[in-house]
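First comes the structure, then the notes that go with it.
Any value given below was found using the heavy atoms of this structure, including those in side chains, with hydrogens, waters and symmetry copies removed.
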Amino acid sequence: MKQQESAHLIEIRDLRKIYALGEEPVAALDGVSLTIDQGEFVAIMGASGSGKSTMLNILGCLDTPTSGSYLLDGIEVARRTRAELAHIRNRKLGFVFQNFNLLARTSAIENVELPDFYMGRLGRAARRRRALELLKRVGLGGRGTHTPAQLSGGQQQRVAIARALMNEPPVLFADEPTGNLDTKSSVEIMNLFTELSNEGITIVMVTHEDDIAAYAKRHLLMRDGHLIRDDRAPAAPSAPAEGGAA
Amino acid sequence: MNVFMILRVAMRAIWRNKTRSALTMLGIIFGIAAVIVVLAIGKGASQNMVAQIAKMGDNVVMIFSEQRHAAAGVHGGAGEGQSLTASDGIAIRRELAHIVKAESPEVRTQMQIVFQDKNWNTTIYGCSTEFLTIRNWRVESGDFFTDQEERQCARVCVLGKTVAANIFPNEDPVGRNIRIGNMPFRVKGLLEAKGVGGMGQDQDDAVLAPYTTVRRVLQASKFPDNVRQLKLSLYSMDQIEEAKREIGALLRQRHRLSDDSDDDFRIIDMAEITSTMSGVSNTMTVLLAAVAAISLLVGGIGIMNIMLVSVTERIREIGLRMAIGATPANILAQFILESVLLSTVGGGIGVALGLVGARTLGEMLGWPILVETGSTMVAFLFSAFVGMFFGFYPAWRASRLNPIDCLRYE
């Protein structure tokens with residue numbers, strides 16, 4: 001994959017995604033352009049049907065645009081085969097889902113190790129070591145052997161975050177990461193994201209909750225497939241000042 | 001992602017659904033076990049048959065007299081012709097001494113044997129002194145008749161074990177006088193027990209006597225030199241083609257056949273009989289194996305069914321794996337390996353069950369059993385192939401899934 005000159009981590013130009021539903025084609029994305037730089041913490045907002053999920057899917061290389069270009073870390077990814085996209089997702093992107101998507105009946109540590117199975121970067125011992133470190137990092141040091149069923153929702157989401165960090169991706173995508181969590185757990189998860197952001201990890205998050213979006217430093221508002229607002233908060237939002245690990 | 005990691009994932013998936021996996025395997029287990037048992041019985045039977053045929057003697061060639069195909073008139077059946085003579089046999093023995101180790105006519109007649117108040121109906125074989133060499137038989141006590149006795153049409157005979165047991169239940173028959181039909185004969189010897197022959201007959205239910213005596217005295221034939229059959233034993237089976245050619249030429253000459261007429265004899269060697277007989281048993285084996293293969297097919301369809309269910313059930317897992325970097329090839333490999341694992345574990349259990357089953361059945365029914373390592377391996381590999389073949393479609397479907405749809409699947 002050839003590198004292209006780009007100063008930005010993510011650069012999309014005139015991105016369109018058109019679904020041929022019924023007689024009339026529907027544009028879920030209708031000419032969106034934007035750039036996201038290394039270390040940004042971005043929240044994509046909008047009503048349902050606004051195109052924010054389509055946007056996240058394309059940014060997350062889970063879907064391909066109908067037209068337009070998408071440079072991720074200097075690589076054009078708009079038109080790639082499924083296998084190539086899988087490699088890009090594996091190496092460059094981490095995912096955190098609303099419903100955690102951990103493998104059932106599989107220990108937390110093995111869930112965290114999973115991305116490296118497909119990358120094969122580390123040996124067995126190094127992989128285990130890194131997974132343990134990451135679990136400690138998200139505050140689940142002693143729970144590596146627990147299965148998802150033995151963990152609370154907040155804990156499961158932390159395992160998912162640890163998993164997303166396994167291959168040291170430059171970007172983390174989060175799709176309604178607190179959608180299934182109670183307020184306390186939500187706050188803990190958002191604090192963890194803030195910490196990761198402060199460490200320089202780029203985070204792109206889709207949410208429809210204002211108080212969750214408030215943790216992000218930049219807010220994109222979508223409507224009818226268009227990007228209608230792009231606010232950069234001048235200062236960090238007033239997040240509770242407790243240390244992320246609980 | 002290397003094979004061992006995928007293998008671990010597959011093993012875990014199978015282990016998670018123990019009952020379902022076991023039931024799915026059952027089809028393969030019984031299919032493979034059936035193949036092993038059927039092949040063991042089939043091969044056992046055919047090997048047994050070959051062994052039985054080999055009992056008929058060493059490198060044996062048989063010559064039957066056969067009616068010539070006359071342009072018109074009534075045709076007799078095989079052996080009806082009167083062309084073959086004992087002199088033909090003597091000539092073959094003399095002319096082809098470098099190939100032919102032993103030679104004997106064989107004539108048979110069914111007669112009543114009487115000693116005091118005991119009597120028994122059996123087959124009298126008329127033969128030469130070399131008959132024992134041809135059949136690989138031995139005299140247990142007493143002696144065989146001599147060349148001189150053969151020339152003189154002496155009324156002497158040698159008894160098979162079954163005959164001796166019926167006529168002389170409590171005494172040694174050697175040296176006794178018995179009657180065959182109305183003629184008095186002296187028992188010169190007793191043959192060693194030989195058991196059941198290649199065609200299922202009791203080989204010990206026989207009496208051997210010089211063919212001259214049988215033809216002239218017992219059958220009172222007007223053409224005592226004519227015989228139904230000549231049996232030869234060759235030094236080596238490698239010479240069979242040469243022997244057939246030479247014997248054919250000699251007999252045609254002796255029978256004064258013109259170049260354009262057919263043979264009035266037929267030469268058959270043991271290899272022919274063996275291949276005919278084992279051909280029959282091989283056909284049976286192939287048929288039974290086909291039935292077993294169909295049961296394997298059904299087992300394979302069971303695997304496909306369960307794999308399709310498994311793919312649907314784990315659609316979220318597939319989506320997640322794809323999202324974090326599994327390529328379609330990874331997913332394909334994972335599910336194929338899972339179904340191959342199911343089928344080979346089933347195949348392994350099936351092989352074990354088949355081996356035990358074949359042995360048990362063999363012991364219970366007293367059938368000869370032959371387990372060939374090669375065909376067992378083939379059966380096992382076939383189970384792997386079944387898994388691969390029937391696992392491919394579900395795995396392919398899984399690999400074509402769209403990660404977004406999978407992740408949203410409820």
Pick from I404(B), T327(B), N402(B), L407(B) with the largest number of heavy-atom pairs that fall under 4.5 Å of chain A: I404(B)

Sidechain-backbone polar pair: N167(A) side chain, P115(A) backbone, donor-acceptor under 3.5 Å: yes

Contact summary for I10(A) and L59(A), nearest pair of heavy atoms: CG2-CD2, 3.9 Å

Closest-packed option against chain B by number of heavy-atom pairs under 4.5 Å, given A164(A), G94(A), A86(A): A86(A)

Residue part contacting chain B, namely of L103(A), when any heavy atom lies under 4.5 Å: side chain

Which portion of A329(B) sits near chain A, non-hydrogen atoms under 4.5 angstrom: neither

Short N-O contact, R124(A) and E113(A), less than 4.0 angstrom: no

Sub-4.5 Å side-chain heavy-atom contact between N330(B) and F117(A): no

Contact class of R400(B) relative to chain A, heavy atoms under 4.5 angstrom: both

Heavy-atom proximity to chain B below 4.5 Å, by part of E110(A): side chain

Contacting region of N99(A) [heavy-atom separation from chain B under 4.5 Å]: both

Contact origin within R12(B) toward chain A - heavy atom pairs under 4.5 Å: side chain

Side-chain ion pair, R20(B) and E313(B), N-O less than 4.0 Å: yes

Lys/Arg-Asp/Glu bridge criterion (N-O < 4.0 Å) met for E168(A), R121(A): yes

